[in-house]
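I have placed the structure first, in the form of structure tokens, so that the comments after it can refer back to it.
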Amino acid sequence: SPGRPIYVDVRVDGARLANYRCDGIIVSTPTGSTGYSLSAGGPIMAPTEHHLVMTPVSAHLALARSLVLQPDSTVDLEVTSDSGAIVSIDGQEELPVSSGVRVTVRQSEYLTRFVRFKEPQTFYSDLAEKRGLPAPKPFFAHYDGTAGQAVLLLEQATLAEGGTLDDPAGFVKRINDLMLALSAGK
């Protein structure tokens with residue numbers, strides 16, 4: 001019955017992972033990772049990823065952390081409970097399951113396509129804005145004269161300015177400009 005812990009024996013790709021005593025197990029796609037899975041302590045995954053995320057809910061004395069699984073993984077969940085349990089599919093469908101029933105979760109053979117109204121690189125800034133996170137702080141650092149530290153500082157400064165490291169040509173140009181300025185004593 002809802003509100004009572006259940007035991008869930010979890011197998012990933014046929015290998016036994018754990019027998020959780022918990023309130024539930026969430027298996028989500030990257031799209032679902034910012035919903036209930038995130039609220040239960042799961043990771044945030046970019047929408048361009050294809051992995052599955054398995055997050056136990058209020059696990060007691062077990063591996064209580066989320067696991068990021070390969071996209072082609074199969075997760076078998078077998079419930080053991082005197083009062084049964086409920087399988088909820090995307091918060092829409094609720095199906096009662098009896099003790100001993102196994103539920104298998106895997107990637108569908110059908111591909112769904114979504115229309116994007118923004119480039120995927122806005123995902124993190126949009127997420128920060130929705131979660132009310134503060135804007136990045138200005139970046140200041142001390143340079144000790146090594147090329148390796150110059151590259152690291154440039155990476156950190158690029159990210160602090162809200163940029164990305166996805167443009168290799170632009171990033172290399174910034175490194176070259178920085179190295180020229182440093183060698184000229186600027």
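Given the structure is predicted, the values throughout are model-derived calculations rather than measurements. Index from 1, following the sequence. Heavy atoms only: backbone and side chains are in, while hydrogens, waters and symmetry mates are out.
Residues Val10 and Ile6 share a hydrophobic cluster, clusters being chains of Ile/Leu/Val/Met/Phe/Trp/Tyr side chains in contact below 4.5 Å. One hydrophobic cluster holds both Val105 and Leu17 under the rule that ILVMFWY side chains link at heavy-atom gaps under 4.5 Å. A continuous path of Ile, Leu, Val, Met, Phe, Trp and Tyr side chains, each step under 4.5 Å between heavy atoms, connects Val79 with Ile89, placing both in one hydrophobic cluster.
The minimum heavy-atom distance between Cys22 and Ala59, with the atom names listed, is CB-CA, 3.8 Å. The two atoms that bring Gly42 and Ser66 nearest to each other are CA-OG, 3.2 Å, heavy atoms only. Between Thr55 and Ser37, the shortest heavy-atom distance links the atoms OG1-OG, 2.9 Å. Residues Ser73 and Asp13 share a closest heavy-atom pair of CA-OD1, 3.1 Å. Across every non-hydrogen atom of Asp23 and Pro5, the tightest pair is OD1-CA, 4.2 Å.
Ser28 is linked by a side-chain hydrogen bond (donor to acceptor under 3.5 Å, both in side chains) to nothing, counting only residues two or more places apart in sequence or in another chain. In this structure Thr29 satisfies the side-chain hydrogen bond (donor to acceptor under 3.5 Å, both in side chains) test with no other residue, sequence neighbours excluded. For Asp9, the salt bridge (charged side-chain N to carboxylate O under 4.0 Å, His left out) criterion is met by Arg11, Arg16, not counting sequence neighbours. For Glu49, the side-chain hydrogen bond (donor to acceptor under 3.5 Å, both in side chains) partners at least two apart in sequence or on another chain are His51. In terms of the side chain to side chain contact (heavy atoms under 4.5 Å, CB included) criterion, residue partners of Leu38 (sequence neighbours excluded) are, by chain and number, Ile44, Arg131.
At a threshold of 4.5 Å between non-hydrogen side-chain atoms, the residues Ile86 and Leu95 do not count as touching. Ile26 is listed as a side-chain neighbour of Val57, based on a closest heavy-atom distance under 4.5 Å. With contacts defined as side-chain heavy-atom distances shorter than 4.5 Å, the pair Thr74/Val12 does not qualify.
Taking OH from Tyr36 and CG from Asp90, the interatomic distance works out to 13.0 Å, rounded to the nearest 0.5 Å. Note: Tyr20 OH to Thr80 OG1 = 14.5 Å, rounded to the nearest 0.5 Å.
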Can Ile25 and Met54 be said to form a side-chain contact (heavy atoms from CB on, under 4.5 Å), step by step? CA-CA 7 Å; Ile25 301 280; Met54 189 196 79; 3.7 Å; yes

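Defined by atom type and a distance below 3.5 Å, a donor-acceptor pair is missing between the side-chain atoms of Ser81 and Ser99.
Through side-chain heavy atoms spaced under 4.5 Å, either directly or across other Ile, Leu, Val, Met, Phe, Trp or Tyr residues, Val53 is tied to Met45, Val68.
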